[in-house]
Number of protein chains: 2
Amino acid sequence: MVSYKSIKAEILNGIVGRQWAPGELIPNEEDLARDYGCSRSTVNRALQELADLGILERRRKAGTRVAQRTSRGALIQIQIVRSEIEQSGRRYGYVLLHREVQAADSATAGLIDAPRGKPLLHLRCLHLADGVPYQLESRWISLVALPSARDVDFESVGPNEWLVTQVPYSRSEHIFSAAPPNAEERERLRLRPDEPVFVIERRTWLAAQALTYVRLAHPGLSYRMISREDDLLDETES
Amino acid sequence: MVSYKSIKAEILNGIVGRQWAPGELIPNEEDLARDYGCSRSTVNRALQELADLGILERRRKAGTRVAQRTSRGALIQIQIVRSEIEQSGRRYGYVLLHREVQAADSATAGLIDAPRGKPLLHLRCLHLADGVPYQLESRWISLVALPSARDVDFESVGPNEWLVTQVPYSRSEHIFSAAPPNAEERERLRLRPDEPVFVIERRTWLAAQALTYVRLAHPGLSYRMISREDDLLDETES
DNA sequence: ATCGATAATAAGTCTATACATAATCCCGCG
DNA sequence: CGCGGGATTATGTATAGACTTATTATCGAT
């Protein structure tokens with residue numbers, strides 16, 4: 001029996017082997033089904049998944065063509081900082097530096113995308129790997145969206161870990177940047193002179209409601225964010 | 001008729017509405033098919049797509065459960081630098097600084113993941129937005145994998161643009177970091193004192209063969225890399 | 001109680017068929 | 001020549017049914 005996976009693999013081979021150039025039309029589903037001796041449904045599934053991956057482009061009546069991949073995607077997996085550190089074989093450490101309930105002023109309201117005046121929980125924490133400063137976290141949590149956060153002291157469990165167990169989110173935004181450190185970062189992260197910080201900012205929402213904004217600062221000389229794209233031609237996987 | 005999209009939407013609503021907690025089992029395909037009054041195939045497609053998105057986890061006989069989303073993904077779209085600049089409404093400028101064929105020494109061989117001694121094309125280019133330095137590119141291209149690159153002068157078309165039209169790739173790796181600038185970056189990018197650079201490094205392969213390694217340096221005070229995740233609850237899309 | 005064979009289960013895949021829908025082609029009318 | 005409208009076409013979606021496969025549960029023998 002011809003599987004949709006084998007068809008995926010054959011089409012991919014045809015693409016990387018330049019049998020079909022980018023932009024070129026490939027045969028329609030019926031023809032492929034006849035070629036491979038299977039039903040159109042099977043071909044359809046294979047082509048749809050390749051289209052989902054951005055490798056093919058399909059339009060009704062117009063047919064299926066090899067996509068012009070002018071932009072390259074990189075999928076970043078941002079883990080809980082504890083598991084990130086522990087997976088690299090180091091010991092995780094955590095310190096809560098500051099905890100305060102405040103009303104959203106114009107600056108913080110813009111960051112978290114919540115109305116001014118609403119109550120926010122502001123936290124600052126330091127995460128360490130083998131005792132060395134790894135990440136300085138500055139977080140605001142909307143107490144309108146997450147009132148239960150008011151009763152958590154965050155002394156022993158980081159806000160990151162607490163949030164993922166509590167809250168689903170439906171939308172998120174990440175911003176990555178390189179910045180000169182401010183005074184607190186220079187001290188807490190024990191930065192060397194001229195060492196910049198790598199900054200990750202994240203905002204999450206559930207439907208229209210803002211949940212949290214966080215700024216994560218890492219020492220620039222030791223932190224790397226890595227993204228690997230699996231080999232398309234490895235047929236051992238989905 | 002009940003569409004697989006409406007089922008996807010209802011399941012998602014059940015998840016964000018805490019009808020099913022993370023880790024919890026949801027009904028099996030047959031039951032859902034009866035509930036919704038559709039065939040099992042339709043339910044299957046809906047659940048499979050949610051599993052592909054990482055929202056559900058499925059195992060034969062064990063059933064389908066809501067995934068514990070302990071890591072959050074961010075999909076970065078890295079475009080050709082020309083379109084990145086032009087889409088922001090600015091004028092694109094390009095200068096080739098250096099072009100040289102060289103044999104891979106131990107340092108460059110490690111970067112591009114090619115054997116030592118093989119010929120490489122080394123290019124350095126500056127990309128400008130409205131005349132202001134935007135990105136300093138330093139690239140090595142394997143002339144074993146891409147012999148035709150030897151005959152391209154890259155005076156008017158950047159290597160990035162040439163590569164995407166020429167070459168498919170099957171695997172890639174990206175590394176993002178913040179770094180203090182070296183002397184050339186400070187000068188070419190006209191960095192202010194203490195301004196770091198945001199660095200993107202990319203390597204690509206076709207099957208086992210390394211194609212190219214590139215290091216892209218941006219001025220840290222003006223460059224931001226942004227990733228937005230679409231709202232899962234918006235039913236207007238796939 | 002432990003182990004191993006077997007049954008039961010839920011998802012995974014494939015098929016043939018039907019109809020829906022978007023996009024294109026093309027023809028004929030003005 | 002341009003335009004509108006219908007025919008055509010390729011993909012999109014849904015269905016019932018059958019078979020496969022991974023995994024778990026169970027039951028029986030030791």
Side-chain angles (χ1 to χ4, degrees), chain A residues 1-12 14-15 19-68 230 234-238, chain B residues 1-12 14-15 19-68 230 234-238:
Chain A
M1 187 121 50
V2 180
S3 74
Y4 79 94
K5 288 186 184 177
S6 66
I7 296 180
K8 266 175 80 172
E10 286 216 36
I11 303 280
L12 268 173
I15 293 171
Q19 182 179 138
W20 299 298
E24 195 177 335
L25 216 51
I26 73 172
N28 70 32
E29 296 186 347
E30 268 188 84
D31 290 351
L32 287 172
R34 207 168 331 100
D35 292 352
Y36 291 122
C38 65
S39 76
R40 184 168 80 88
S41 324
T42 304
V43 174
N44 180 277
R45 179 160 183 192
L47 298 189
Q48 280 229 328
E49 292 198 359
L50 289 172
D52 286 345
L53 289 172
I55 292 163
L56 296 177
E57 279 171 0
R58 326 191 68 202
R59 263 169 46 235
R60 282 170 171 157
K61 162 80 185 181
T64 301
R65 48 187 74 234
V66 180
Q68 309 258 21
D230 291 328
D234 263 2
E235 292 167 37
T236 49
E237 22 145 11
S238 92
Chain B
M1 185 123 48
V2 181
S3 74
Y4 80 94
K5 289 185 184 177
S6 65
I7 296 180
K8 267 174 79 172
E10 288 216 35
I11 302 278
L12 269 173
I15 292 172
Q19 181 180 137
W20 299 297
E24 196 178 333
L25 266 180
I26 73 173
N28 70 34
E29 295 186 347
E30 268 187 82
D31 291 351
L32 287 172
R34 208 169 329 101
D35 291 354
Y36 291 122
C38 66
S39 75
R40 184 168 79 88
S41 325
T42 305
V43 174
N44 180 278
R45 179 162 182 191
L47 299 189
Q48 280 229 328
E49 292 199 358
L50 289 173
D52 286 345
L53 289 172
I55 292 163
L56 296 177
E57 280 172 0
R58 327 191 68 203
R59 266 173 40 238
R60 281 169 174 164
K61 161 79 184 182
T64 300
R65 49 187 72 234
V66 179
Q68 310 257 19
D230 290 328
D234 264 1
E235 293 167 37
T236 48
E237 21 143 14
S238 93

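Reckoned from all heavy atoms, side chains included, excluding hydrogens, waters and symmetry mates. Owing to the predicted nature of the structure, the values given are computational and were not obtained by experimental measurement.
At whole-Å resolution of the value, OH in B:Y36 and C1' in D:dT15 are 18 Å apart. Going from atom NZ of B:K8 over to atom P of D:dT13 covers 10 Å, rounded to whole Å. With rounding to whole Å, B:E57 atom CD is found 12 Å from C:dG12 atom P. Atom CG of A:L47 and atom P of D:dT11 are 7 Å apart (whole Å). Rounded to whole angstrom, the span from the CG atom of A:L32 across to the C1' atom of D:dT11 amounts to 13 Å. In this structure, the CZ atom of B:R34 is 14 Å from the C1' atom of C:dA10, given to the nearest Å. Here the P atom of nucleotide C:dA10 and the CG atom of B:L56 are 16 Å apart, to the nearest Å. With rounding to whole Å, B:K5 atom NZ is found 17 Å from C:dA20 atom P.
Between D:dT13, C:dT15, D:dT15, one nucleotide has an atom nearer to the side chain of B:Y4 than all others, and that is D:dT13. Checked against C:dG12, C:dT17, D:dA16, the side chain of B:N44 finds its nearest nucleotide in C:dG12. You'll find that the side chain of A:S41 is closest to C:dT15, out of C:dT15, C:dG12, C:dC19. Comparing C:dG12, D:dA14, D:dT13 by their nearest atom to the side chain of B:R58 picks out C:dG12. In this structure, of C:dC14, C:dT13, C:dT15, it is C:dT15 that holds the atom nearest to the side chain of A:S39. Considering only side-chain atoms of A:T42, the nucleotide from C:dC14, D:dA18, D:dT15 that sits closest is C:dC14.
With sequence neighbours left out, A:D31 forms a side-chain hydrogen bond (donor to acceptor under 3.5 Å, both in side chains) with A:R34. Looking at residues two or more places apart in sequence or on another chain, you find a salt bridge (Lys or Arg N to Asp or Glu O under 4.0 Å) between A:R45 and A:E49. Applying the salt bridge (Lys or Arg N to Asp or Glu O under 4.0 Å) test to A:D35 and every residue at least two apart in sequence or in another chain returns nothing.
With hydrogens and angles disregarded, no donor-acceptor distance shorter than 3.5 Å links the side chain of A:R65 to the backbone of A:E57.
Rounded to 10°, the helix from C:dA1-D:dT30 to C:dG30-D:dC1 has 10° between the axis fitted to its first five pairs and the one fitted to its last five.
From A:I26, atom CD1 reaches atom CD1 of A:I11 across 4.5 Å, with rounding to the nearest 0.5 Å. Taken from CG in B:L32 to CG in B:N44, the straight-line distance is 11.0 Å, to the nearest 0.5 Å. For the atom pair B:W20 CH2 and B:L25 CG, the distance stands at 11.5 Å (nearest 0.5 Å). Here the straight-line distance linking atom CG of A:L56 with atom CG of A:L50 works out to 5.0 Å at 0.5 Å rounding. Here the straight-line distance linking atom OG1 of A:T42 with atom CG of A:L47 works out to 10.5 Å at 0.5 Å rounding. Summarising the geometry, atom NZ belonging to B:K61 is positioned 11.0 Å from atom CG belonging to B:N28; distances are rounded to the nearest 0.5 Å.
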Write down the protein N/O and nucleotide N/O pairs, taken from nucleotides 22-26 of chain D, whose separation is under 3.5 Å; answer none if there are no such pairs.
{"residue": "D:dA22", "atom": "O4'", "partner": "B:R60", "partner atom": "NH1", "Å": "3.1"}
{"residue": "D:dT24", "atom": "OP1", "partner": "B:R59", "partner atom": "NH2", "Å": "2.2"}

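Phosphate proximity of C:dA11 to B:Q48: absent, as no side-chain N or O sits under 4.0 Å from OP1 or OP2. Between A:T64 and D:dT11 there is a side-chain polar atom (N or O) within less than 4.0 angstrom of OP1 or OP2.
Contact annotation for B:R45: backbone-only contact, meaning every heavy-atom pair under 4.0 Å involves sugar-phosphate atoms and none involves a base.
Minimum heavy-atom separation, B:A46 to B:K8: O-CG, 3.6 Å.
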Quiz prompt | side chain to side chain contact (heavy atoms under 4.5 Å, CB included) evaluation trace for A:Q19 with A:V66 | solution = CA-CA 11 Å; A:Q19 182 179 138; A:V66 180; over 6 Å; no
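For the segment residues 22-31 of chain B, the set of residues with a heavy atom within less than 4.0 Å of an atom of DNA chain C comprises B:N28, B:E29, in numerical order.
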